[in-house]
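Just so it is clear, the structure is predicted and the values come from calculations on it, not from any experiment.
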Amino acid sequence: MAVACLPEDGGEVVLVREFDGGRDRPGVELVERACEVGPSGGKLCLFTDLLGDPLCRVRHSPAYLMLVAEAVGGPLGTEIVGVVRGCVKTVACGRSQLFSKVAYLLGLRVSPRHRRRGIGRRLVERMEEWFREMGAEYAYVATDRDNEPSVRLFTGACGYAKFRTPSVLVHPVFGHDLAPSRRAAVVRLDAREAELLYRRRLGSVEFFPRDIDAVLSNALSLGTFLAVPRGTRWRGVEGFLASPPASWAVASLWNCKDAFRLEVRGAPRLWRAAARATRAADRAAPWLGIPSIPNLFEPFGLHFVYGLGGGGPAAAGMARALFRHAHNVARRGGARVVATEVGACEPLRAGVPHWPRLGADDLWCIKRLADGYGDGALGDWSKAPPGTSIFVDPREF
């Protein structure tokens with residue numbers, strides 16, 4: 001990719017180029033450690049440990065690219081001062097049988113010493129050039145709703161429009177298993193069954209990936225699970241699709257723990273002590289089922305629940321049974337939290353157990369990249385009203 005130059009004060013020049021894994025890894029790690037993720041102005045910061053793989057959040061996507069901004073000629077010599085990642089895939093647009101090639105921009109970081117110099121905007125512009133080369137019609141980005149500098153950058157300087165407002169819901173993993181639901185039975189589907197069910201039942205949900213088979217067969221995917229009323233006779237996925245029960249829910253699990261780790265920093269000592277006390281009580285008397293707060297103040301892993309869907313009047317209860325199962329899978333796998341992301345109008349949200357203090361409200365912004373073509377059957381997706389659900393691809397969570 002061609003190099004772009006930004007002249008800086010004091011003769012320093014910033015080059016935007018493709019990431020080179022052989023020489024850029026240490027510099028990228030320094031930038032990641034220097035940047036906090038979350039609302040600006042707060043004391044709590046969420047740090048990400050990429051486990052030595054800067055591409056871990058995009059390398060499972062069909063096409064991906066990482067760019068770095070490199071400062072040359074400054075007081076510290078040559079250093080990496082910014083990074084951004086992007087990927088391109090084909091997804092559903094919320095209407096039956098309509099798909100679009102979209103690009104997702106993520107992991108934009110600029111070192112604190114080099115902010116407010118236009119480096120973030122230039123990284124985004126260079127990435128958008130690659131998106132267009134790959135044939136993407138839209139680009140979108142997710143940011144924290146309360147991260148005002150990020151929102152201003154994308155909706156102002158970069159020309160994105162506010163699009164969707166999903167929420168990240170997080171539940172801690174306790175020191176004990178949760179009792180299975182007495183009203184629902186959980187059936188594990190193999191990859192073929194899961195693909196068939198998803199394409200038939202969720203194939204028109206916004207951002208549903210056309211290559212769902214690649215997602216489900218990925219080594220990080222821990223399985224797909226279907227909850228049905230207890231006592232329902234299981235006749236295989238074909239029988240289920242032909243005659244589903246009155247209520248049901250489906251979800252899949254993704255092992256983020258083996259891709260990256262998170263760490264909460266800046267918590268008061270009192271919070272840490274209180275969390276330790278809950279864990280001690282849970283260990284001493286697990287039969288009491290005391291909710292305990294795992295140690296989130298050192299690097300921890302998570303499991304992500306994706307592909308949540310369902311139907312029927314008791315679908316939220318079926319979803320609750322799936323999340324109890326997901327909690328126990330996470331406990332056995334050594335993850336400390338279970339997370340998911342749902343749309344603002346998600347009908348199954350009531351069935352997702354979560355602790356509000358651990359979650360976040362996201363803002364997805366979108367930009368139409370392609371010019372000079374008609375609106376066609378889809379129209380301008382960036383102006384479409386939201387549907388009830390969103391499919392959040394775990395490969396880029």
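- Taking the ring centroids of F397 and F304, they lie under the 6.0 Å cut-off.
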In a table with atom names and distances, give each donor-acceptor pair under 3.5 Å that connects a side chain of residues 382-390 to protein atoms at least two apart or in another chain.
residue: S382; atom: OG; partner: D380; partner atom: OD1; Å: 2.6
residue: S382; atom: OG; partner: D380; partner atom: OD2; Å: 3.3
residue: S389; atom: OG; partner: E346; partner atom: OE1; Å: 2.8

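- Under the side-chain hydrogen bond (donor to acceptor under 3.5 Å, both in side chains) criterion, R192 pairs with E238, sequence neighbours left out.
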Please tabulate, for side-chain N and O atoms in residues 180-187, each donor-acceptor pair with protein atoms closer than 3.5 Å (sequence neighbours left out).
residue: S181; atom: OG; partner: R183; partner atom: N; Å: 3.1
residue: S181; atom: OG; partner: A184; partner atom: N; Å: 3.3

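- Between E263 and R265, at least one side-chain nitrogen of the basic residue sits less than 4.0 Å from a carboxylate oxygen of the acidic one, meeting the salt-bridge criterion.
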Compile the donor-acceptor pairs under 3.5 Å between side chains in residues 79-87 and protein atoms, sequence neighbours left out, one pair per line.
residue: E79; atom: OE1; partner: R113; partner atom: NH2; Å: 2.8
residue: E79; atom: OE2; partner: R113; partner atom: NH2; Å: 2.8
residue: R85; atom: NE; partner: P54; partner atom: O; Å: 2.7
residue: R85; atom: NH1; partner: E32; partner atom: OE2; Å: 3.2
residue: R85; atom: NH1; partner: G107; partner atom: O; Å: 3.2
residue: R85; atom: NH2; partner: E32; partner atom: OE2; Å: 2.8
residue: R85; atom: NH2; partner: P54; partner atom: O; Å: 3.3

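- The environment of CZ in R200 is sparse: at most 12 heavy-atom neighbours from other residues, nucleotides or ligands sit within 6.0 Å.
- To the nearest 0.5 Å, atoms OH (Y138) and OG (S100) are separated by 5.5 Å.
- In this structure, the ring of Y306 has its center no less than 6.0 angstrom from the ring center of H303.
- L106 places none of its side-chain heavy atoms less than 4.5 Å from the side chain of V141.
- V342 is not connected to Y198 by any chain of hydrophobic side-chain contacts under 4.5 Å among Ile, Leu, Val, Met, Phe, Trp and Tyr, and they are in different clusters.
- Both the sub-6.0 Å distance and the 45° axial angle are not jointly satisfied by R336 relative to the ring of F300.
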> Please walk me through it: do F207 and W364 pass ring pair (Phe, Tyr, Trp, His ring centres under 6.0 Å)?
Replying inline: CA-CA 12 Å; F207 295 97; W364 288 13; 5.1 Å; yes
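- Classification of the W355-F174 ring pair by plane angle, with boundaries at 30° and 60°, yields tilted.
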>> Using the rule given for side chain to side chain contact (heavy atoms under 4.5 Å, CB included), can you reason through S150 versus R145, listing the C-alpha separation, both sets of side-chain angles and the distance that settles it, and then say yes or no?
In response: CA-CA 9 Å; S150 178; R145 232 177 288 180; over 6 Å; no
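- Between W248 and F240, the ring centre distance stays below 6.0 Å.
- None of F323, W254, F225 except one satisfies the side-chain contact (heavy atoms from CB on, under 4.5 Å) rule with V305; the exception is F323.
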>> For F154 and L105: C-alpha separation, side-chain torsions, deciding distance, then whether side chain to side chain contact (heavy atoms under 4.5 Å, CB included) applies.
In response: CA-CA 11 Å; F154 286 106; L105 191 148; 4.0 Å; yes
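- Between D282 and R279 no salt bridge is recorded (no basic side-chain N to carboxylate O distance below 4.0 Å).
- The hydrophobic cluster containing F163 does not contain V151, counting ILVMFWY residues as joined when their side-chain heavy atoms lie under 4.5 angstrom apart, directly or transitively.
- Note on R121 versus E125: salt bridge recorded, some NZ/NE/NH1/NH2 to OD/OE distance being below 4.0 Å.
- Side-chain atoms of W381 and E137 include no donor-acceptor pair closer than 3.5 Å.
- The side-chain hydrogen bond (donor to acceptor under 3.5 Å, both in side chains) check on Y140 picks up nothing, with sequence neighbours excluded.
- Grouped with M318 in a hydrophobic cluster is no other residue, since no side-chain heavy-atom contact under 4.5 Å to another Ile, Leu, Val, Met, Phe, Trp or Tyr is found.
- Judged purely by distance below 3.5 Å, without hydrogens or angles, the side chains of S252 and T224 pair a donor atom with an acceptor atom.
- There is no side-chain donor-acceptor pair under 3.5 Å between Y104 and S61.
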